[in-house]
Amino acid sequence: MSEFLTDAVAFLPVLARGLATTILLTVCALAVSLALGLVWALMGMSHHAPLRWTNAIVVNTVRGIPIIVQLFCVYFVLPDWGIDFPPFLAGVIGLGIAYSVYQAENLRGGFESVDRQLVEAGTALGMSRGMITRRIVMPLGLRTALPSFGNTTVMLLKDSSIASTITVAELTRSGQLLAISTFKNGTVYVLIALLYLAASIPLAMAVRALEKKAAWR
Amino acid sequence: MIELSEVAKAFGARQILRDVSFTVEAGEVACLIGPSGSGKSTILRTINGLERHDAGTITVDGTLLSDKSLPAIRRKVSMVFQRFNLFPHRTVIENIIEGPVHVLREDPEAARTRAVELLRRVGLADRADAHPGQLSGGQQQRVGIARALAMQPRAILFDEPTSALDPERVGEVLAVIRELAEDGMTMVVVTHEIAFAREVADRALFIDEGVIVENGPARQVLTAPSAERTRLFLDRVLRPH
Ligand SMILES: Nc1ncnc2c1ncn2[C@@H]1O[C@H](COP(=O)(O)OP(=O)(O)O)[C@@H](O)[C@H]1O
Ligand SMILES: [Mg+2]
């Protein structure tokens, strides 16, 4: 046990740097996934059939490809076409795209839960469809979607470990390198597991606090 | 002010409105009464285009309702809903200025000043910063009426404004509507409050199965109806439970 503790103290600085990258990667990918997810969700609810079809194709394609393969596509395939991203950015883009379809689902669930009668109240006031979306459906729907954002973000935090496969020096990869060089697999991977847990529990708590704040009645 | 001529409406294969024609003059209060499912809400909702009618014409304040004139029509008529339909994420005053500021592009400060005045008129001056969820049903409906008035409409449509209220809250809402009537506001009110309709309405229309069975002076239709169906309906509504 005391050996575990001395090793842990020695490894923590390296792993902490990895964790910082993991968190940054998660936050950036989260932003990309939300922005893209919003586009998909709005396209999916559009009154223009071609927009809905495009959306269905994109969503089903992205959903049907494993995240690791999507990351490989961004990191290894795009350079063939002259688009070359550094690992971290490739990770953000790949994870952002992969998660955008889940976010779209979360958002759509939220938007569709908005009481139709409130939409009618806006319509009766003379609001345009866009105005109703922006001022009624989005603010109310986002609140309803908040719990599902929390779950998705915890999943994203864990799946950000897949970026280790494209050499992003996040928590998992830092740990792998450490384990290879020290042969202390047990200590390293237990620490990694604890650090992921330590990052996801406050996240879940933050989401719960936000939910409480957003409950206006 | 509001004129419907041979308006028809079907939902799928079901004909909901047939040959609905009536006129509401400026300053007049018309009450629509009739059994549940007879098409009263649908009539109101065709007037501001929440439902599109299949045939006939609807004219509001000289403007013929069409896809093109719809925005103009919606500026002329406001609507008050049975379930209030206030925006739960906005405060009382924000609910009231939503239309004036974002649809009519009024100056927010001016809209706010007018909203405070309207809140005073409906007796809720002290609740401007409350959220709808913190208000009783009667208070919410009075905010709903203030929100309708804030658009400075030529006419207001009320769809069973007191049906969702506790009995002891009905009076406060009817009092506000009564005052509007005294001020000469043109109103079409769907209601089951027959006593109120007798007192406030100029005209009463009895609707059954999407047809206007009777249309005449409120006092006559509601106390001495000429159609048997109206009489049976009134007996049923007025009979103490
Ligand atoms: N959007 C709709 N789709 C299909 N049927 C509808 C719709 N709205 C109303 N109806 C039907 O039309 C009839 C008249 O409804 P409504 O105008 O709400 O009646 P009322 O307000 O007199 O109770 C009812 O039978 C109702 O079920
Ligand atoms: Mg109705």
Side-chain angles (χ1 to χ4, degrees), chain A residues 34 37-38 41-42 45-51 103 106-150 206-217, chain B residues 41 44-52 69-92 94-106 130-135 140-141 143-144 147-153 155-159 164:
Chain A
L34 278 172
L38 184 60
L42 293 177
M45 299 190 313
S46 166
H47 278 210
H48 296 285
L51 279 181
Q103 302 286 21
N106 293 339
L107 288 165
R108 212 173 44 131
F111 293 166
E112 279 173 358
S113 76
V114 174
D115 187 352
R116 298 304 304 165
Q117 299 209 40
L118 296 178
V119 172
E120 289 202 338
T123 310
L125 281 175
M127 296 169 84
S128 64
R129 280 185 53 84
M131 200 180 282
I132 288 169
T133 302
R134 262 180 292 116
R135 301 197 50 84
I136 300 172
V137 176
M138 282 183 34
L140 288 170
L142 284 175
R143 277 166 220 230
T144 314
L146 218 49
S148 54
F149 288 151
V207 170
R208 189 140 329 136
L210 260 176
E211 274 170 48
K212 277 224 182 79
K213 223 180 130 195
W216 60 89
R217 56 167 165 190
Chain B
S41 299
L44 284 196
R45 293 159 56 81
T46 55
I47 296 175
N48 69 349
L50 286 181
E51 301 288 358
R52 183 202 285 258
S69 70
L70 195 50
I73 298 270
R74 288 193 177 139
R75 270 161 216 219
K76 291 174 192 275
V77 287
S78 291
M79 191 168 218
V80 172
F81 300 87
Q82 180 174 355
R83 302 215 47 90
F84 332 129
N85 300 2
L86 298 178
F87 306 126
H89 54 311
R90 304 204 187 279
T91 62
V92 163
E94 286 168 350
N95 265 277
I96 297 173
I97 66 172
E98 180 74 15
V101 171
H102 294 278
V103 178
L104 304 178
R105 307 248 163 244
E106 274 178 39
H131 277 272
Q134 301 168 309
L135 303 182
Q140 289 191 55
Q141 192 58 297
V143 174
R147 179 173 69 176
L149 287 169
M151 298 300 282
Q152 301 185 289
I156 305 182
L157 312 172
F158 292 82
D159 194 357

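The sequence lines fix the lettering, A, B, ..., with proteins before strands; numbering per chain opens at 1. Here the structure is a predicted model, which is why all the values come from computation and not from measurement.
Rounding to the nearest 0.5 Å places CZ of B/F87 at 6.5 Å from CG of A/L118. Atoms CD and CG, from A/Q117 and B/L86 in turn, are 11.5 Å apart once rounded to the nearest 0.5 Å. Remark: A/L125 CG to B/M151 CE distance equals 5.5 Å, nearest 0.5 Å. Once rounded to the nearest 0.5 Å, the distance linking CZ of B/R90 with CG of A/L140 reads 8.0 Å.
Contact detail for A/A121 and B/R147: the closest heavy-atom pair is CB-NH2, 3.8 Å. In plain terms, the two heavy atoms of A/A124 and B/N48 that are nearest each other are CB-ND2, 3.7 Å. Here the closest non-hydrogen pair linking B/V103 and A/M127 is CG2-CG, 3.6 Å.
The main-chain N or O of A/R135 is found under 3.5 Å from a side-chain atom of B/H89 such that the two form a donor-acceptor pair.
For chain B, the nearby part of A/M131 is the side chain; its heavy atoms alone come within less than 4.5 Å.
By the 4.5 Å heavy-atom criterion applied to side chains, A/E120 and B/R45 are counted as neighbours. Residues A/T123 and B/R74 form a side-chain contact, since some pair of their non-hydrogen atoms from C-beta on lies under 4.5 Å apart.
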